[in-house]
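Order of the sequence lines fixes the chain letters, A, B, ..., with proteins taken first and strands second; residue numbering starts at 1 for each chain.
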Number of protein chains: 2
Amino acid sequence: MRLSTRTRYGIRAMLELAENVGRGPLQLKIIARRQDISVKYLDQLMAILKSAGFVRSVRGSKGGYMLAKAPEQIKLSDVFNCLEGPVVTVECTENENYCARSADCVARQVWTQLQEAVTAVLQSITFKDLVDRTKNNKTVDYQI
Amino acid sequence: MRLSTRTRYGIRAMLELAENVGRGPLQLKIIARRQDISVKYLDQLMAILKSAGFVRSVRGSKGGYMLAKAPEQIKLSDVFNCLEGPVVTVECTENENYCARSADCVARQVWTQLQEAVTAVLQSITFKDLVDRTKNNKTVDYQI
DNA sequence: ATAATATACTACTAATGTCGTAGGAATAAT
DNA sequence: ATTATTCCTACGACATTAGTAGTATATTAT
């Protein structure tokens, strides 16, 4: 149940883009520097996110990346699923015929419960929500 | 977020033991046959479960394994944690100082939410609950 | 005693996935 | 042209998983 850096980095990169909406393309090296991620590695993650349709890119000088949709239209579950793969993958939860015991299997019921719990959290949060949370955090900083 | 077979097999083995409470030690090969797991692999899993104090063993002929505590006293979260490791491990959720951004990091907040959701499910279920569920399933079978 | 049965322990391995690094090609702005 | 950037492919070190194999040790049955 360990989260891969692929997922963690990818979501943090998406968050940078979400915070940059309306300001044109954001460059890889900027994201990488801010989030302390290897540029070359992030390069590959962005390719995944791009082919999944979450971001679009502008090539050449002054280029960079931006969100392909509005932050409120991108759920965390979408990006998570793209980078980390299906939540709590146990074959039998998705394929009834994978195992003869499926119908009665209480273990399978538990995995399904877990899956639903995680999915519920991730589906309830959009990147707009995260940007808003960040702003709140910043405000608190100023008050101190 | 894929569950290892170690965790899945281990929990299913524990469930066999839970269903066998009061009937003396249950042998590895029986568990392995019923659950369709390699005896030798299960051997190693039981060693983990034993050193964690969830099961105890009887060596020699007529030996086998049994639960070290009553089924209602063993939470799924305990066994899960033992086999799979900490739920949703991201260093920063457990160690505030792991990353300078920790305090304000919205990504970290999300990982914490996930962690709590999964933990809540696993902590709410004991092996007695699972045994009861199995009985209910069996009853349904008879009605059909 | 001896044989049979079971756990206990250690070592090994093949396959896979993760987390990058490296190098260059394509594209666009200056 | 030069510079800055994305795009693409290949490679590699490392860790983990999911076992297999063999032997030692303990207990019971004969």
Note, B/Glu19 side chain near B/Leu130 side chain (heavy atom, < 4.5 Å): no
Same apolar cluster (I L V M F W Y, side chains within < 4.5 Å links), A/Ile74/A/Val131: yes
Between [atom1] on residue [X] and [atom2] on residue [Y], distance to nearest 0.5 Å:
X	Y	atom1	atom2	result
A/Glu84	A/Ile11	CD	CD1	8.5 Å
A/Trp111	B/Leu3	CH2	CG	5.5 Å
B/Leu49	B/Met46	CG	CE	5.5 Å
A/Gln123	A/Asn81	CD	CG	9.5 Å
A/Asp104	B/Thr134	CG	OG1	8.5 Å
A/Cys105	B/Leu15	SG	CG	8.0 Å

Mutual orientation of the aromatic rings belonging to B/Tyr41 and B/Tyr9 [parallel < 30°, tilted 30-60°, perpendicular > 60°]: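 Rings of B/Tyr41 and B/Tyr9: perpendicular, over 60°.
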Most 5' of B/Asp43 and A/Asp43 on DNA chain C, judged by nearest nucleotide: B/Asp43
In whole Å, what is the span from the [atom1] atom of [X] to the [atom2] atom of [N]?
X	N	atom1	atom2	answer
A/Leu45	C/dG20	CG	P	9 Å
B/Lys50	D/dA26	NZ	P	11 Å
B/Lys29	C/dT7	NZ	P	8 Å
B/Leu28	D/dT27	CG	C1'	16 Å
A/Leu26	D/dA4	CG	P	17 Å
B/Gln27	C/dA8	CD	P	13 Å
A/Leu49	D/dC8	CG	C1'	16 Å
A/Ile30	D/dT6	CD1	C1'	14 Å

Protein-to-nucleotide contact annotation, 5' to 3' order, nucleotides 12-20 of chain D [B base; S sugar-phosphate only; - none; under 4.0 Å, heavy atom]: -----SBBB
Members of residues 57-65 of chain B that approach DNA chain D, where some heavy atom sits under 4.0 Å away: B/Arg59, B/Gly60, B/Ser61, B/Lys62
